[in-house]
Amino acid sequence: DLPSELHSWRQMAEYSTEMRQFACILHLYHNKAYDYLRKNFPLPHPYSLTKQVFICSFIINFQVLLWLSNNEAAAGFSNKIFFRLQEKVERGEHAYCYCALMVQEMSLQKHREWDPQTQHLTGFVDLGAGAVDADEAPLASEAIILMAVGISSPWTAPLGYFFVNITTGHLIAQLLRQTINKLNNIGITVLAVTSGATARGAETARALGIKMDPERIQCTFQHPPSSAHSIVYFFDICHALQLVRNALQCFQKIEWLSDTVQWQHVVELAALPEQRVLEPCSPQSVRHGSEENYHLKVNLATLLFSEGVADALEHLQKLGLPSFQNCSGTVKFVRLMSHLCDAFHGTGPYRTGLKGPLIAGNYTKISHLFNEAKSFFVTLTDSMGRLIIKSKRKLGFMSFLLNAESLKWFYTNYVCPEGAPFHHLLTCAFSLDPLEVFLGALQQACGSSGNPTCAAFQAAYHKLLASCSLVPGSPYSSGSGSTSSLDVFLSRRRDLTLGSIRAQYNPAHGRTLSTKYLYCAGLLLRGSALSNALTDLSLHAESITCTAGFIAEQLASDLQCEACLASLFESDESRLRCGSVLYVKKLGGLSLPSASVYHITNISEQVLKRYGHVEDGNKSTKVWHLSLEQKVIQELLGGSPLFPTLTNHLFDGELCVNNHYTILVKQITRCYLNIRTNHAKHLNLKYYCGKHRLKKLKGKHLFPSPLGSCQSSQTNIGS
């Protein structure tokens with residue numbers, strides 16, 4: 001399809017589709033071959049492929065300047081997004097003058113299908129110059145997505161995507177260079193590039209000129225190559241953490257000078273069953289025959305590399321548990337990784353210390369931390385004495401070392417100097433979290449759980465592009481709401497929690513209780529007038545307590561936030577620095593709720609009694625449930641403060657109404673109303689039976705045997 005005459009290649013305005021595709025593909029896949037061919041063949045200059053020249057506010061585009069760009073949501077650069085970014089820069093909006101560039105790949109289903117609108121087959125490789133449509137043309141297997149992210153303001157802009165069948169680090173590097181050129185042409189300066197901490201990401205970094213020798217790290221590259229402008233390179237911290245976790249799990253033991261880091265310590269913590277704590281009985285408990293006692297419970301929402309795990313290991317070592325003796329090396333390693341995570345993912349402008357923004361006040365502390373981490377990582381060895389940093393499991397540790405150098409370079413050049421463009425720096429700007437949110441919305445818009453086809457991807461991308469406003473914090477789809485940086489942080493680290501480790505080693509552990517036991521035991525209030533008449537105050541309070549405790553257990557099984565999970569239960573506040581180990585008060589086998597959970601549940605019951613007298617058919621409507629939730633919130637307004645332990649936690653993310661505090665209140669309310677309305681109508685039980693059974697069990701066993709049998713065998717430990 002390509003003309004062989006040299007004169008046919010001289011007039012670029014007359015290039016056919018096949019000629020444009022050939023030039024673009026050859027340049028992106030192998031620029032050296034492109035440069036070599038240009039010596040004897042009049043191919044366009046590489047910068048002409050995406051370059052745009054602006055004179056007197058008129059856009060003069062050579063024909064080839066748009067070969068990698070499209071006005072609609074087709075493959076290539078999205079012209080509409082670039083034009084809108086240019087408008088913001090020309091209006092003097094300083095937050096849009098600098099950005100970080102993100103790149104990520106998404107797997108596609110190889111599938112050829114007919115597009116009735118374009119009257120062409122789709123599913124082929126497309127780098128922005130049109131799909132290569134031929135019998136022998138390769139089908140696309142991946143999409144490469146590029147996104148610009150604000151550094152001083154959390155705006156995001158999906159810049160475009162490319163359908164490829166073979167993704168290499170060199171190809172991604174070429175696309176990054178072309179993207180930097182296009183952004184420079186509209187007045188936006190790229191200061192950083194972030195990719196995944198993968199083999200392909202490492203290949204991309206090397207193709208750009210990044211060097212990852214522990215003794216000689218080169219964290220920047222110049223682009224254009226002849227310019228003095230340097231761009232720093234980051235690896236995604238979440239990916240790096242997963243690699244470090246994999247290394248520790250594979251080696252089992254890692255030596256560091258005189259200390260040993262053992263993976264088994266973490267496994268034992270995650271698998272630790274609930275254990276009753278033997279406490280001296282108080283005179284009051286003996287006098288009332290109370291069955292209340294404290295149980296040691298692991299907070300499974302705790303992240304593996306966190307202060308919570310480090311404190312828990314130290315606490316269990318002090319208790320004398322054999323599995324946690326000699327764990328000081330593991331504690332040091334976990335605590336160091338926790339501090340690094342805080343430094344590399346500062347999400348809240350109102351937080352302090354390592355978790356806060358990078359400013360002059362904490363730079364010295366962070367710099368010392370990076371030096372400590374480097375001396376730690378370069379001396380780590382496996383059980384055979386071989387250096388980890390030179391092993392096949394080195395990429396995770398090298399990612400942290402590279403990011404440390406990049407962050408110090410960025411601070412020195414763009415934050416510290418007088419007149420620098422930034423007064424402070426939120427390090428979460430160099431994470432792939434915004435792009436992962438976009439990819440999640442893209443996957444959801446595709447409407448399937450598996451890999452989408454090219455046509456489905458393109459339709460979903462078009463839908464999200466239409467809702468992209470470039471406003472900081474704006475969602476990608478209507479009705480989804482804005483996702484906070486803290487929630488994105490926790491969601492991407494679900495496989496780095498103690499719960500994920502427990503599920504890996506003991507999948508059958510932790511079966512949740514069914515709501516039918518609440519009814520069978522008579523522990524749930526019914527809505528009939530007869531039941532209200534028969535219910536005394538003590539029985540009412542006990543029923544609310546048990547139902548609230550059940551709700552706390554249900555929510556705890558799915559919560560991703562360590563602080564929120566701990567706030568659900570009544571715990572022993574006299575024990576400090578226990579980390580991920582909770583001391584939860586139990587009564588007859590069920591965890592007692594915190595005062596806040598009990599109060600919300602009690603208010604929900606009052607609202608249900610007051611406004612719940614409607615026909616059964618209307619009780620299942622979403623509007624009715626939402627109206628009840630709204631009334632519960634209104635009743636809670638102006639009351640006593642809820643969840644006092646979460647006060648500081650509110651500053652972990654952005655200050656917004658839809659924070660963890662309000663989400664927790666809504667979840668508790670929704671869970672209780674669902675139990676009281678949805679499940680009760682399916683169980684044809686008479687309340688008086690439940691009441692008599694409860695009174696009979698009172699003082700002996702709160703639950704009947706079926707519920708008690710759900711508990712694991714428990715051992716007793718001392719305080």
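Residues: numbered from 1 along the sequence shown. If you're wondering where the values come from, they're calculated on a predicted model, not measured in any experiment.
A donor-acceptor distance shorter than 3.5 angstrom exists from the side chain of T662 to the backbone of N659, with no hydrogens or angles considered. Looking at S306, its side chain does come within 3.5 Å of a backbone N or O of L303 through a donor-acceptor pair. The backbone N or O of E113 sits less than 3.5 Å from a side-chain atom of T122, completing a donor-acceptor pair. When atom types are taken as modelled, the side chain of Y461 and the backbone of A75 share no donor-acceptor pair closer than 3.5 angstrom. For the pair S406 (side chain) and V232 (backbone), a donor-acceptor distance under 3.5 Å is absent. Looking at Q104, its side chain never comes within 3.5 Å of a backbone N or O of M106 through a donor-acceptor pair. Without hydrogens or angle criteria, R493 side chain to F489 main chain gives a donor-acceptor distance under 3.5 Å. Using modelled atom types, one side-chain atom of T427 and one backbone atom of H345 make a donor-acceptor pair closer than 3.5 Å. E203 places a side-chain N or O within 3.5 Å of a backbone atom of G169 that can act as its donor or acceptor partner.
Under the 4.5 Å side-chain criterion, counting only non-hydrogen atoms from C-beta, L248 is not in contact with R245. Within the 4.5 Å cutoff, side-chain heavy atoms of C99 are placed close to those of V190. Contact annotation: the side chain of L425 never approaches that of Y414 to less than 4.5 Å [non-hydrogen atoms, C-beta and beyond]. Between S141 and L108, the closest side-chain pair of non-hydrogen atoms is not below 4.5 Å. Using a 4.5 Å cut-off on side-chain heavy atoms (C-beta onward), L465 and S78 make contact. Side-chain contact between L176 and L208 is present, with heavy atoms from C-beta onward closer than 4.5 Å. Side-chain contact between W409 and I217 is absent, with no heavy atoms from C-beta onward closer than 4.5 Å. Using a 4.5 Å heavy-atom cutoff, the side chains of E436 and V488 are not in contact.
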R393 and C250: CA distance, side-chain angles, deciding distance, side-chain contact (heavy atoms from CB on, under 4.5 Å) verdict: CA-CA 9 Å; R393 301 291 179 187; C250 290; 3.6 Å; yes

F410/F234 under ring-ring contact (aromatic ring centres under 6.0 Å, His included): CA gap, chis, key distance, verdict: CA-CA 11 Å; F410 193 97; F234 288 92; 7.2 Å; no

Derivation and outcome, side-chain contact (heavy atoms from CB on, under 4.5 Å), residues L85 and L159: CA-CA 10 Å; L85 287 173; L159 301 177; 4.0 Å; yes

Working for side chain to side chain donor-acceptor pair (under 3.5 Å), residues T453 and Q109: CA-CA 5 Å; T453 64; Q109 177 186 345; 5.9 Å; no

Verdict with supporting geometry, H223 and N184, side chain to side chain donor-acceptor pair (under 3.5 Å): CA-CA 10 Å; H223 191 78; N184 285 342; 5.9 Å; no

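Within a 6.0 Å sphere centred on NZ of K88, other residues, nucleotides and ligands contribute more than 12 heavy atoms.
Aromatic pair F124/F163: centroids not less than 6.0 angstrom apart.
For the atom pair I145 CD1 and F162 CZ, the distance stands at 10.5 Å (nearest 0.5 Å). Here the CG-CD distance, from N246 to Q249, works out to 6.5 Å after rounding to the nearest 0.5 Å. In this structure, the separation between CD on Q218 and CG on L402 is 9.5 Å, given to the nearest 0.5 Å. Taking SG from C454 and CG from L139, the interatomic distance works out to 8.0 Å, rounded to the nearest 0.5 Å. Taking OG1 from T179 and CG from L146, the interatomic distance works out to 4.0 Å, rounded to the nearest 0.5 Å. With rounding to the nearest 0.5 angstrom, the OH atom of Y161 is 13.5 Å from the CG atom of L175.
Judged by distance alone, the side chains of Q174 and Q178 never bring a donor and an acceptor atom under 3.5 Å apart. Under 3.5 Å, the side chains of S195 and Y233 contain a donor-acceptor pair of N or O atoms. For the residue pair E105 / S107, no side-chain donor-acceptor distance below 3.5 Å is found, with atom types taken as modelled.
The pair E142-R200 counts as a salt bridge, with a side-chain nitrogen and a carboxylate oxygen less than 4.0 angstrom apart.
The aromatic rings of F400 and F344 sit tilted relative to each other, their planes meeting at an angle between 30° and 60°.
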